[in-house]
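Here's the structure, in structure tokens; my notes come after.
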Amino acid sequence: MNIELIIKDQVAAAIKALYEQTIDPSQVQVQLTRSEFEGDQTVMVFPFLRISKKSPEVTGAEIGAYLAANVPEVSGYNVVKGFLNLVVDDNYWLERLNEALPDERYGFVPVTDKSEMVMVEYSSPNTNKPLHLGHIRNNLLGFSLSEVMKANGYKVVKTNIVNDRGVHICKSMVAWQKFGNGETPETHGKKGDHLVGEYYVKFDQQYKSEIAELIAAGRTEDQAKEEAPSIVETREMLLKWEANDPEVRNLWQTMNGWVYKGFDETYKTLGVNFDKIYYESDTYLTGRDEVLRGVKEGIFQQESDSSVWANLEAEGLDKKILLRSDGTSVYITQDIGTAQLRYRDYPIDHMIYVVGNEQIYHFQVLSLLLDKLGYKWGKDLYHFSYGMVELPNGRMKSREGTVVDADDLVAGMVDVARTVSMELGKLEGYSDTEKEHIYHIVALGALKYFILKVDPKKTMTFNPEESIDFNGNTGPFIQYTYARIQSILRKAKETGIAIPGRAETDSLNEKERNLLKIISLFPEVVREAGKEHSPAVVANYVYDLVKEFNSFYHDFSILNEPDLKVRDFRLAVAETVARIIKNGFSLLGIQVPERM
RNA sequence: GGCCCCGUAGCUUAAUGGAUAGAGCAUCUGACUACGGAUCAGAAGGUUGUAGGUUCGACUCUUACCGGGGUCACCA
């Protein structure tokens with residue numbers, strides 16, 4: 001049993017015995033003792049002063065004496081002001097280590113048939129341009145959150161809704177028709193998503209110059225934006241698309257195909273994946289049907305121009321359009337359709353949308369609309385909203401060319417990993433493919449850790465220079481510690497030293513104690529990450545563990561330790577630390593290298 | 001303007017209402033024939049945006065203000 005819970009229960013028992021009052025153990029406040037005081041767990045005595053009617057010091061001493069006498073795990077205590085510091089017996093920490101040692105899945109709750117199912121939607125790209133830094137945060141958070149939920153015993157379905165239809169893709173199509181000369185990814189050796197993105201940019205340039213011309217010819221800006229030939233052409237194409245025009249559909253499929261191939265590559269590089277992909281082109285009609293059903297049932301209102309609206313003023317929000325006057329769908333319509341299809345496909349208990357915080361309002365509305373349409377799960381859909389990624393000089397702007405492309409970024413990080421690694425020359429004797437594999441693991445470790453260690457809610461600054469720093473609180477620093485432990489374990493095996501199945505020791509030095517304390521926290525950290533929906537909790541914990549281990553490693557020898565019992569104990573600790581690094585990093589979607 | 005989010009060391013950031021606000025980078029000082037130095041030990045750096053309130057105790061809760069961002073489309 002967890003020491004915190006033991007203490008809470010026993011403090012409640014102490015208060016019952018000493019002051020004849022019953023309190024709920026959950027009201028007892030326990031925290032880790034600060035390192036400058038003696039002890040492991042600290043109980044706040046202030047809340048009990050009303051019960052004891054004595055000073056903080058006396059109350060703390062009385063409770064402390066009771067615990068020391070009655071609780072085997074508590075071997076001593078001291079009181080500083082209103083803080084009761086408890087010394088936890090070494091055997092307790094040793095037992096926690098021995099639970100972790102043989103358990104490959106230490107810290108994880110197993111998934112069973114009875115587990116609840118959670119669907120996580122993330123990524124959700126548009127098919128008119130390649131993925132950039134902002135998408136990277138989305139993908140990494142979505143994947144990591146999925147792993148965290150799995151580790152908390154949920155069945156997880158990772159899903160992606162691809163926004164594959166609409167004006168944006170038509171713009172790229174128009175530009176390609178006009179300027180493309182039949183260019184394909186194959187003919188020019190380009191990644192499909194990048195190629196389509198180039199035509200999206202070309203469209204924008206063309207459109208802008210047309211607007212400028214029209215304004216020069218005497219039109220107002222609004223008129224020019226409406227009448228520019230490119231945009232007229234785009235609208236026509238969208239209509240043809242909706243009317244299933246074979247030629248347009250064909251081009252659409254071809255160009256989207258290019259993009260998907262490019263995306264698949266990027267996803268593979270990032271190490272993210274999906275169990276089920278939905279396409280907006282398949283779901284928007286379902287959404288429209290649902291909205292029309294809502295009209296029939298009087299939930300939504302149709303105006304005289306035949307546009308459909310939801311009135312959410314009673315809920316404190318505004319009116320929201322659901323279908324345009326020409327009967328076509330808007331953004332939120334397809335989300336309704338997608339939700340319906342998903343719940344038809346899977347027995348979902350919880351739905352999590354990983355979408356940027358600029359869409360908080362959108363998901364409030366979606367939740368209400370689904371609820372009004374009679375879906376019992378509408379109310380408790382969870383919008384995992386995360387902050388934007390900014391660059392040191394501000395927000396990314398495609399117009400100013402300050403967008404950081406996902407593929408370029410990863411390639412750049414791999415280059416740095418390669419350079420650093422070659423300078424250190426630790427990978428001699430490895431084949432080039434093996435080396436490249438390790439560079440890739442390290443580069444992605446750096447990128448992922450840099451992004452995931454930050455609280456998802458916060459707007460984060462991405463400094464490309466700092467992100468490729470491999471020292472300090474970084475992914476590679478942690479990976480390095482893992483590789484070093486593996487090196488020790490390898491050496492142990494080579495010299496015929498067996499890794500013990502059970503850790504034994506007569507006494508713990510301070511750093512060993514600290515390590516065991518941190519090790520015992522891991523399962524709790526995983527729970528908290530699940531509850532808070534925050535991979536950052538795991539990242540910061542693993543860093544703490546690694547820091548403590550490195551300090552220990554520097555001060556004490558393991559294989560060279562003359563006392564064999566102590567040596568074996570430390571091997572067990574090292575093995576467990578490596579396991580936690582590996583398990584913790586797996587929750588972040590980060591791999592650990594055996595050497596680097 | 002209404003509503004929402006964020007302001008912590010020069011920079012990037014951490015802290016279930018608890019003790020002297022914890023790290024990393026950068027800066028400075030030490031430790032290398034090293035169980036892997038991509039390391040470790042240490043120094044310096046803070047009025048937690050400002051002013052009140054609640055509390056034994058506030059970075060945390062609350063009010064007002066200041067600064068930054070988002071959102072209120074027949075865009076997605």
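Order of the sequence lines sets the chain letters (A, B, ...), proteins ahead of strands, with each chain counted from 1.
The salt bridge (charged side-chain N to carboxylate O under 4.0 Å, His left out) contacts involving residues 488-499 of chain A comprise nothing, where partners must be two or more places apart or lie in separate chains. For residues 30-50 of chain A, the pairs satisfying side chain to side chain donor-acceptor pair (under 3.5 Å) are Thr33(A)-Thr42(A), Arg34(A)-Glu36(A), Asp40(A)-Arg513(A), Asp40(A)-Lys517(A), Thr42(A)-Asn85(A), with sequence neighbours left out.
Legend: residues meeting salt bridge (Lys or Arg N to Asp or Glu O under 4.0 Å) with Glu434(A), ordered by chain and number and at least two apart, are absent. Shown here are the side chain to side chain contact (heavy atoms under 4.5 Å, CB included) partners of Glu528(A), two or more places apart in sequence or in another chain: Glu532(A), Val537(A). For Glu221(A), the side chain to side chain donor-acceptor pair (under 3.5 Å) partners are Lys225(A), not counting sequence neighbours. In this structure Tyr199(A) satisfies the side chain to side chain contact (heavy atoms under 4.5 Å, CB included) test together with Ala175(A), Trp176(A), Phe179(A), Glu183(A), Leu195(A), Lys202(A), sequence neighbours excluded.
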Strand RNA chain B in bracket notation, Watson-Crick/G-U under 3.5 Å with | for pairs to another chain
(((((((..((((....[...)))).(((((.......))))).....(((((..]....))))))))))))....
Can you check each nucleotide of nucleotides 67-76 of chain B against protein heavy atoms at under 4.0 Å and return B for base, S for sugar-phosphate only, - for none, in 5' to 3' order?
--SSSS-BSB
Once each nucleotide of nucleotides 21-28 of chain B is scored for protein heavy atoms under 4.0 Å, what B/S/- sequence comes out, 5' to 3'?
-SSSS---
Show the atom names and distances, to 0.1 Å, of all donor-acceptor pairs under 3.5 Å that link a side chain in residues 451-462 of chain A to residues at least two apart or in another chain.
{"unit_1": "Lys453(A)", "atom_1": "NZ", "unit_2": "Asn473(A)", "atom_2": "O", "d": "3.2"}
{"unit_1": "Asp455(A)", "atom_1": "OD1", "unit_2": "Lys457(A)", "atom_2": "N", "d": "3.1"}

Listing, residues 541-548 of chain A side-chain donor-acceptor contacts under 3.5 Å, not counting sequence neighbours, or none:
{"unit_1": "Tyr541(A)", "atom_1": "OH", "unit_2": "Ile518(A)", "atom_2": "O", "d": "2.7"}

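Using a 4.0 Å cutoff on non-hydrogen atoms, the parts of residues 413-424 of chain A near RNA chain B are Val420(A), Ser421(A), Leu424(A), ordered by number.
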